[in-house]
Asker: 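Have a look at this one.
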Amino acid sequence: EKGGYDYFMLKEIAEQPKAVADTLLGRIDASGRLTLDEVRIPEPALREIDKIVIVACGTAFHAGMIAKYAIEHWTRVPCEVELASEFRYRDPILDPRTLVVAISQSGETMDTLMALRHAREQGSKVLAICNTNGSTIPRESDAVLYTHAGPEVAVASTKAFLTQLVACYLVALYLGQVRGTKWGDEIYAVIRELSDISKQVEQVLDTMEPVRELARSLKDKNTVLFLGRHVGYPVALEGALKLKELAYMHAEGFAAGELKHGPIALIEEDLPVVVVVPSPRGRSVLHDKIVSNIQEIRARGARTIVIAEEGDQTVVPYADHLISIPATPTLLQPLVATVPLQVFACELATARGNEVDQPRNLAKSVTVE
Ligand code: M6R
């Protein structure tokens, strides 16, 4: 049942190109427009929405953080992302013009379920992004966009995360399409790039041996830090979460811009720091800022592990280890940038003798609050 792999997690990492392609299947028509029939919320109601609130936990929350960048950019609708476990306790402002998006692989996470019940009580519409047919969260939502990752068995979420991202991009682009924004041309260009993205995920998977080797060489370290900016920031958080849950190591993700506000004090000789670098094309300011962050930490002794777009020469002099990923539009980069971090965490856990599919103290689905 593990299909020849030692762990479900390895199998599920390898299944990602297919999971991504399956989640896109049938949702983009021949003319390059999105047809999300499942989003049963009528188009006039979608045009009326004046706020989007995403609720989720753990890895699904990181998908939500990335979705916020995409939604606000493509739709110009304000979007908040909140940990489901915090949401209802702060008396959030919700009304019928708020669209709440609940993201959950299992569809049974109690915190997320309670958050969506609270939202519906306030009259908001709830759209679920879920991987498990007929589970509680989609059943209690107004509409559901299923991710087609197939069953995810390993406790650490991998292919579900990538498909959650795809679903979030689809929702963002669809809202942009329905509402019409000044980004119309960009939206169609991105839909084209998205429909091809599973090949890039495949390409990343084909080049992971050096990442595994690097992971093994770090097995006796106590701490690994992760830095990113823009959508690279949630990717950094996700890389750190994977390492915590699988390798039981101290791992933290930071927004690179926050370094000088505190975290840079943690940098010491030979501390591994993974940095997710945005594309030098597009938002080049972001790129240049992070390159100087890499210089800053390296000057203080950090061992830099740099994830950057192939052909990006500017990072080469400052990267102790360089992990190249294919070029993508900035907002889609998490689909390729997260994969090496999954492989890295899985290999480190194995090297440390940990149980990869069933990390200690964790359950696949958390059905208590
Ligand atoms: O089933 P859900 O997506 O609602 O689960 C949410 C989190 O419990 C889950 O993503 C958790 O953080 C994973 N173990 C992360 O790998």
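No hydrogens, no waters, no symmetry mates; every other heavy atom, side chains included, goes into these values.
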Asker: Taking only residues two or more places apart in sequence, or in another chain, which ones meet Glu121 in a salt bridge (Lys or Arg N to Asp or Glu O under 4.0 Å)?
Answerer: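 For Glu121, no residue satisfies salt bridge (Lys or Arg N to Asp or Glu O under 4.0 Å) once neighbours in sequence are set aside.
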
Asker: Report the residues that fulfil salt bridge (Lys or Arg N to Asp or Glu O under 4.0 Å) with Arg97, sequence neighbours left out, ordered by chain and then residue number.
Answerer: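 Per chain and number, Arg97 pairs via salt bridge (Lys or Arg N to Asp or Glu O under 4.0 Å) with Asp50.
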
Asker: Under 3.5 Å, side chain of Tyr7 to main-chain N/O of Thr350, donor-acceptor pair present?
Answerer: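 Here the side-chain-to-backbone pair does not exist.
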
Asker: Under 3.5 Å, is there a donor-acceptor pair between the Gln333 and Thr328 side chains?
Answerer: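 No donor-acceptor contact under 3.5 Å links the two side chains.
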
Asker: Not counting sequence neighbours, which residues clear side-chain contact (heavy atoms from CB on, under 4.5 Å) with Asp270? List them please.
Answerer: Lys221, Arg303

Asker: With a 3.5 Å cut-off and no angle check, do the side chains of Glu186 and Trp74 form a donor-acceptor pair?
Answerer: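 The criterion, which ignores hydrogens and geometry beyond distance, is satisfied for Trp74 and Glu186.
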
Asker: Parallel, tilted or perpendicular: which fits the ring planes of His230 and Tyr69, with parallel below 30° and perpendicular above 60°?
Answerer: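 The arrangement is tilted - the two ring planes meet at 30° to 60°.
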
Asker: Can you name the residues that form a side-chain contact (heavy atoms from CB on, under 4.5 Å) with Ala115, not counting sequence neighbours?
Answerer: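 Ala115 satisfies side-chain contact (heavy atoms from CB on, under 4.5 Å) with Val55, Ala84, Phe87 only.
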
Asker: With Lys244, which residues qualify under side-chain contact (heavy atoms from CB on, under 4.5 Å), at least two apart?
Answerer: Ala251

Asker: Check whether the side chains of Asp111 and Thr109 place a donor and an acceptor atom closer than 3.5 Å, and report yes or no.
Answerer: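 Not at all, the side chains of Asp111 and Thr109 share no donor-acceptor pair under 3.5 Å.
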
Asker: Sequence neighbours excluded, which residues qualify as salt bridge (Lys or Arg N to Asp or Glu O under 4.0 Å) partners of Glu15?
Answerer: Lys11, Lys159

Asker: Sequence neighbours excluded, which residues qualify as side-chain hydrogen bond (donor to acceptor under 3.5 Å, both in side chains) partners of Glu43?
Answerer: Arg47

Asker: What residues, two or more places apart in sequence or in another chain, satisfy salt bridge (Lys or Arg N to Asp or Glu O under 4.0 Å) together with Glu310?
Answerer: none

Asker: Can you name the residues that form a side-chain hydrogen bond (donor to acceptor under 3.5 Å, both in side chains) with Glu48, not counting sequence neighbours?
Answerer: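 Counting only residues at least two positions away or on another chain, Glu48 forms no side-chain hydrogen bond (donor to acceptor under 3.5 Å, both in side chains).
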
Asker: My understanding is that only residues two or more places apart in sequence, or in another chain, count here; which of them pass side-chain hydrogen bond (donor to acceptor under 3.5 Å, both in side chains) with Glu238?
Answerer: Thr59, His62, Lys242

Asker: Applying side-chain hydrogen bond (donor to acceptor under 3.5 Å, both in side chains), can you list everything that pairs with Arg33, at least two apart in sequence or on another chain?
Answerer: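 Partners of Arg33 under the side-chain hydrogen bond (donor to acceptor under 3.5 Å, both in side chains) test: Tyr188.
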
Asker: With sequence neighbours excluded, tell me which residues meet side-chain contact (heavy atoms from CB on, under 4.5 Å) with Arg298.
Answerer: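 Partners of Arg298 under the side-chain contact (heavy atoms from CB on, under 4.5 Å) test: Thr304, Tyr318, Asp320.
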
